[in-house]
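Input: one structure, supplied below.
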Amino acid sequence: ALVFLLVGAVSLRAGYLSAERWQVHWEGLAAVAHAHDVWHRQPEPRLSEIGFVQPPLPSVLAGLVALRPADPADTRYAPAYLGALALGLTAVVFLALCRALGVPRPWSWLLTGALVFHPVAFSHAAAGSPAAWLLPMLLGLAWGLDRWTATGALRPLLVASLLLGAALLTRYEMVLWALLTAGAVGLVAARQGGYRQAEGTLLAFLLPAGYLGAGWIAACWLIQGDPWYFWRHTFAEQPLPNAQALSLSAIYFSLLCCPFLPAGLYAALTGPPPRRPLGSLVLVIGSLALAGLGAPLLRRLSGDAWSQLTVPLMATTAAGYPLFARALAPVRGGTGRKRRMLAWGLAAVGLAAVAYVDWRGAGLPRGPLETWQGRLAFTDDCQAEAAAAVRLAGELRPGEQAVIAGWPGFAVALFEGELPRLTLVPTAEPPAGELPPFEVLLIREPVEEGSMVAWQRQMPARYGLEEQWRVDAWTCYRRVPRS
């Protein structure tokens, strides 16, 4: 409990400092916006308002902080609460794993601190990124697979399957790791008991995760009329990234996220086969192998390399630290002093490599001191959206409706607060068909020339609009009577 409270408090403080500067993580804020839609857009709560493009689990968890309406300007603090909860759970789960492995108490505390206060993991958590929830989920997944490999019991395998399903509903990219994990489970089961045992084990492993995934597909079908609505709108029309560059970046950034990764991998791969940690190895090898292959397949990745490799980095982080903890644990039948000394030597080499690349100016996106002070990586400024929301609230008269077109219009709606009178058109392209009835239109000017620019130029004549005001890239129009 003390570990959970301490880690959560440090994360929450950094998140608050970041939100005070109006720096937010867009995916974390979007999850809070969807949760507010569920509770407050209609007179009664409606789960159908959860949104069917972003993964649903972060929005469901955000419902904990969106249950009671708050001052609209204060909603920017909500993601920090969720991130603090995720990081506190990560610390508790990893500390329990270290104790279960028999890692000496001082090393358990040091490794736990190195994991949760690493600038990459800490930035995601303090900013409220949904990716922060992957850490405790993937730690539990690795533990369940390792326990099943060592004991053959099905209960840890079922726990691993449930956590894998939760990870799928947190980030859709985890489907690649799900396929790889299922293949590894089938191969291990086949070597232990042949085809029949592999068949039964795979069914037991895939059913819990399959139920979660099938439930989400069914919800899309029933509500949106398209079972693959979430997939088409999430991984559509994106430029193909450079697979080779992403593969090299995955290796490079994985070392920055976990300098102990080479030591842990060496200890795991050179140990006796029955004791090799299946779950951790699947996460690491899958991250490095699928980073370049998965990006062109999913065609979703955008931003810099750190953003493009969010899931591989979370997976290698969740696997690398337990691998190193296993290398420090006493070996059955002896102290394993030479083994631990070699592990520490390889860890020192990894730390030296990280220090070198950081000194060369190509290291972490933010340093530890900056991160703890609330200058978080992976965040963007939302002051323009907050200012536009204030102007829009003053523009709308009682009973009037507004349409907000452009991304991130959800932030404007969240900060404005009166969700029932706002309709979002978040696509970069003009909406199909006619817009819903409205008196005020708020639109964000696109960065590049395109169809949105053409649509914007046609709006005044088509809808009888007059420009009212501008805030940064946001322009407000009002419908005027036609003579």
Side-chain angles (χ1 to χ4, degrees), residues 15-41 49-56 58-59 61-63 65-66 69-83 123-124 126-131 233-234 302-303 307 374 376-396 401-428 431 438 440-447 452 469-477:
Y16 253 70
L17 292 175
S18 179
E20 284 285 344
R21 304 184 184 99
W22 293 92
Q23 300 294 307
V24 298
H25 189 282
W26 289 122
E27 287 189 19
L29 192 67
V32 174
H34 284 308
H36 275 269
D37 287 341
V38 169
W39 289 110
H40 308 301
R41 183 170 286 277
E49 298 285 348
I50 196 172
F52 289 88
V53 175
Q54 286 194 318
S59 298
L61 295 171
V65 296
D71 185 272
D74 291 340
T75 53
R76 70 187 191 273
Y77 297 105
Y81 288 99
L82 299 169
S123 288
H124 277 290
S129 166
H233 288 74
T234 304
S302 60
S307 299
L376 305 176
F378 320 117
T379 58
D380 291 290
D381 187 87
C382 67
Q383 292 189 69
E385 286 66 36
V390 173
R391 292 290 301 271
L392 181 62
E395 180 71 32
L396 284 172
Q401 297 289 317
V403 169
I404 303 175
W407 189 92
F410 66 87
V412 178
L414 188 64
F415 295 146
E416 200 275 342
E418 297 292 335
L419 297 177
R421 62 179 182 175
L422 305 175
T423 301
L424 296 180
V425 183
T427 57
F438 68 95
V440 174
L441 176 68
L442 183 68
I443 188 169
R444 191 181 194 279
E445 296 178 2
V447 177
M452 179 65 91
W469 45 262
R470 289 173 178 261
V471 173
D472 199 75
W474 293 95
T475 306
C476 180
Y477 297 89

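Side-chain atoms are counted along with the backbone in the values below, which use heavy atoms only and exclude waters and symmetry mates.
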Q.
Given 3.5 Å as the limit, does a donor-acceptor pair link the side chain of R444 with the main chain of A473, or not?
A.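 No: the side chain of R444 does not pair with the backbone of A473.
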Q.
side chain to side chain contact (heavy atoms under 4.5 Å, CB included) for F410 and D37? Distances and angles first, verdict last.
A. CA-CA 10 Å; F410 66 87; D37 287 341; over 6 Å; no
(Q) Applying side-chain contact (heavy atoms from CB on, under 4.5 Å), can you list everything that pairs with V390, at least two apart in sequence or on another chain? (A)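 Residues passing side-chain contact (heavy atoms from CB on, under 4.5 Å) with V390: none at all.
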Q. Excluding sequence neighbours, so at least two apart, what forms side-chain contact (heavy atoms from CB on, under 4.5 Å) with I50?
A.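 Only V38, L47, F52, P56, S59, V60, W216 meet the side-chain contact (heavy atoms from CB on, under 4.5 Å) criterion with I50.
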Q.
Has R41 got a side-chain atom pairing as donor or acceptor with L422's backbone, closer than 3.5 angstrom?
A.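 At least one qualifying donor-acceptor pair exists.
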Q: Please list, chain by chain and in numerical order, all residues satisfying ring-ring contact (aromatic ring centres under 6.0 Å, His included) with H36, sequence neighbours excluded.
A: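 For H36 the ring-ring contact (aromatic ring centres under 6.0 Å, His included) partners, ignoring immediate neighbours, are H40.
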Q: For W474 and V412, run side chain to side chain contact (heavy atoms under 4.5 Å, CB included): C-alpha distance rounded to whole Å, both residues' side-chain angles, the deciding distance at 0.1 Å, then the answer.
A: CA-CA 10 Å; W474 293 95; V412 178; 3.8 Å; yes
Q. Got a sec, which residues hit side-chain contact (heavy atoms from CB on, under 4.5 Å) with A386, two or more places apart in sequence or on another chain?
A.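 Scan of A386 (side-chain contact (heavy atoms from CB on, under 4.5 Å), adjacent residues dropped) gives W22, F415.
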Q | For A127, side-chain contact (heavy atoms from CB on, under 4.5 Å) partners two or more places apart | A |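 A127 satisfies side-chain contact (heavy atoms from CB on, under 4.5 Å) with H25, L376, T379 once adjacent residues are dropped.
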Q. Taking only residues two or more places apart in sequence, or in another chain, which ones meet R391 in a salt bridge (Lys or Arg N to Asp or Glu O under 4.0 Å)?
A.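 Salt bridge (Lys or Arg N to Asp or Glu O under 4.0 Å) list for R391, sorted by chain: empty.
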Q | Residues Y16, Y81; criterion side chain to side chain contact (heavy atoms under 4.5 Å, CB included); working and verdict | A | CA-CA 9 Å; Y16 253 70; Y81 288 99; 2.6 Å; yes
Q: To the nearest 0.5 Å, tell me how far T75 OG1 sits from L414 CG.
A: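 So the gap between those two atoms works out to 3.5 Å.
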Q | Contacts of E416 that satisfy salt bridge (Lys or Arg N to Asp or Glu O under 4.0 Å) - sequence neighbours left out | A |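 E416 satisfies salt bridge (Lys or Arg N to Asp or Glu O under 4.0 Å) with R421 once adjacent residues are dropped.
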Q) Looking only at heavy atoms, what is the nearest atom pair of L17 and G374, with distance? A)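 Looks like CB-CA, 4.0 Å.
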Q) Which residues satisfy the ring-ring contact (aromatic ring centres under 6.0 Å, His included) test with W39, sequence neighbours excluded? A)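 Partners of W39 under the ring-ring contact (aromatic ring centres under 6.0 Å, His included) test: none.
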**Q.** Taking every non-hydrogen atom, the tightest pair across W469 and A388
**A.**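 Reported closest heavy-atom pair: CH2-O, 3.8 Å.
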(Q) According to side-chain hydrogen bond (donor to acceptor under 3.5 Å, both in side chains), who are the partners of D381, at least two apart in sequence or on a separate chain? (A)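 If we apply the side-chain hydrogen bond (donor to acceptor under 3.5 Å, both in side chains) test to D381, skipping adjacent residues, the hits are Q23, Q383.
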Q.
So P408 and W26, do their side chains get closer than 4.5 Å, heavy atoms only?
A.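 Sidechains of P408 and W26: in contact.
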Q: To the nearest 0.5 angstrom, please state how far the CG atom of L442 sits from the CZ atom of R470.
A: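 Reported value, rounded in 0.5 Å steps: 11.5 Å.
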Q | Contacts of E20 that satisfy side-chain hydrogen bond (donor to acceptor under 3.5 Å, both in side chains) - sequence neighbours left out | A |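 E20: side-chain hydrogen bond (donor to acceptor under 3.5 Å, both in side chains) contacts with Y77.
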Q | Residues that E395 engages under salt bridge (Lys or Arg N to Asp or Glu O under 4.0 Å), provided they are two or more places apart | A |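 Residues passing salt bridge (Lys or Arg N to Asp or Glu O under 4.0 Å) with E395: R478.
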Q) At what distance, to the nearest 0.5 angstrom, does CD1 of I404 lie from CG of L441? A)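 It comes to 9.5 Å.
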